[in-house]
There are 2 protein chains.
Amino acid sequence: MAWDQLFRFMQLQRARYSSLAAELDLSPVQASVLKELEPGTPVAMHALADALACDASNVTGIVDRLEARGLLERRESSHDRRVRMLMVTERGREVRASLLGRLRRPPQEIASLSRADQRTLARILKRAIAARAVTRVD
Amino acid sequence: MAWDQLFRFMQLQRARYSSLAAELDLSPVQASVLKELEPGTPVAMHALADALACDASNVTGIVDRLEARGLLERRESSHDRRVRMLMVTERGREVRASLLGRLRRPPQEIASLSRADQRTLARILKRAIAARAVTRVD
DNA sequence: TATTGTTATACTCTATAACTATA
DNA sequence: TATAGTTATAGAGTATAACAATA
């Protein structure tokens, strides 16, 4: 029952992410990449592939397009010459901040809940996510 | 705060849908189409485009591929000769049932919650979704 | 031998614009 | 005039397989 409601909610929210990303001329995946790249903290391409849950061969093209737009850059790894590290540029940092700002704003459905409901919701979801963290280790 | 947790949860769940669809050799969109087509209830192609929140021109190709696999069929509308109605075939009905069965199974995160938490979660989400239904009319 | 990233290839999804046949 | 669906086109995401460089 809880899952039914949650699944329905997620389905209703699905379009929001694409829409907010599109406002910044970003595809959903591009937005996800930018989200992953915390300014000042380089990320290896294979780590990004893991985060996106896609094949490494895709990352090349996705990164190519973001790099061509000047939102991130490839750097060398100091430890492993096979690895390319990704880091957002100054311009990428700005777009990322704008994106995160939009994503952080709660949608109407959540904003309309009472404070008590919001607190309860947060508490339960935190427990659910924690349960995942445990089983993930197995 | 509630939105932070919810957003994070949705992000963690994102891969699940694709993965369950892939088990049945369905792309995410193909799975969504099958989900929309309740057996015995024909749906117009433009209505499907609305449900998928995509351009009508895409639906042609998506439906072509599902029809080629014998999962659905195009029929004529009795009222408007411009309209094509879609209906799942018997084989499509089976695949759809299998898909819905998989999607309905709650993920680890939800299943691990107490009954009380699950009830509370369902109740709050129901309120949230209802709030959307109201603002949607505006 | 295994891993990292790239390339080549093929398929799917996506939007826009132009078209047809209907209404 | 407007709507439903198709086609043409172009771009982006996706997986698989093969490859070079490096570990």
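The sequence lines fix the lettering, A, B, ..., with proteins before strands; numbering per chain opens at 1.
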Assign each of B:Gly61 and B:Asp55 the nucleotide of DNA chain C bearing its closest heavy atom; nearer the 5' end lies the nucleotide of B:Gly61
At under 4.0 Å between heavy atoms, what does B:Asn58 touch on the DNA or RNA strands: base, sugar-phosphate, or nothing?
->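 Base, at least one base heavy atom under 4.0 Å.
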What's the closest nucleotide to the side chain of [X] if the choices are [options]?
X       : options               : answer
B:Ser57 : C:dT16, C:dA2, D:dT3  : C:dT16
A:Arg74 : C:dA15, D:dA23, C:dT6 : C:dT6
A:Arg84 : C:dT6, C:dA23, D:dA4  : C:dT6
A:Thr60 : C:dA15, C:dG5, C:dT4  : C:dG5

Using a 6.0 Å cut-off, check whether atom [atom1] of [X] has over 12 heavy atoms from anything other than its own residue.
X       : atom1 : value
B:Glu76 : CD    : no
A:Lys35 : NZ    : yes
B:Arg16 : CZ    : yes
A:Glu23 : CD    : yes
A:Arg8  : CZ    : no
B:Arg74 : CZ    : yes

Write down the distance between [atom1] ([X]) and [atom2] ([N]), rounded to a whole number of angstrom.
X       : N      : atom1 : atom2 : answer
A:Leu86 : C:dT4  : CG    : P     : 14 Å
A:His79 : C:dT4  : NE2   : P     : 15 Å
B:Asp64 : D:dT6  : CG    : C1'   : 9 Å
A:Asp80 : D:dA21 : CG    : C1'   : 10 Å
B:Arg69 : C:dC11 : CZ    : P     : 15 Å
B:Ile62 : D:dG5  : CD1   : P     : 14 Å
A:Arg81 : D:dA21 : CZ    : C1'   : 9 Å

Tell me whether the OP1 or OP2 atom of C:dC13 has a side-chain N or O from B:Arg65 closer than 4.0 Å.
->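 For B:Arg65, the contact criterion (side-chain N or O under 4.0 Å from OP1 or OP2 of C:dC13) is met.
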Do any side-chain nitrogens or oxygens of A:Arg82 fall under 4.0 Å of OP1 or OP2 in D:dA20?
->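 Result: no.
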Can you check whether B:Leu103's main-chain N or O pairs, donor with acceptor, with A:Trp3's side chain at less than 3.5 Å?
->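 Side chain of A:Trp3 to backbone of B:Leu103: a pair is present.
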Nucleic acid contacts - residues 15-50 of chain A versus DNA chain D, non-hydrogen atoms under 4.0 Å =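 Within residues 15-50 of chain A, the residues near DNA chain D are A:Ser27, A:Val29, A:Gln30.
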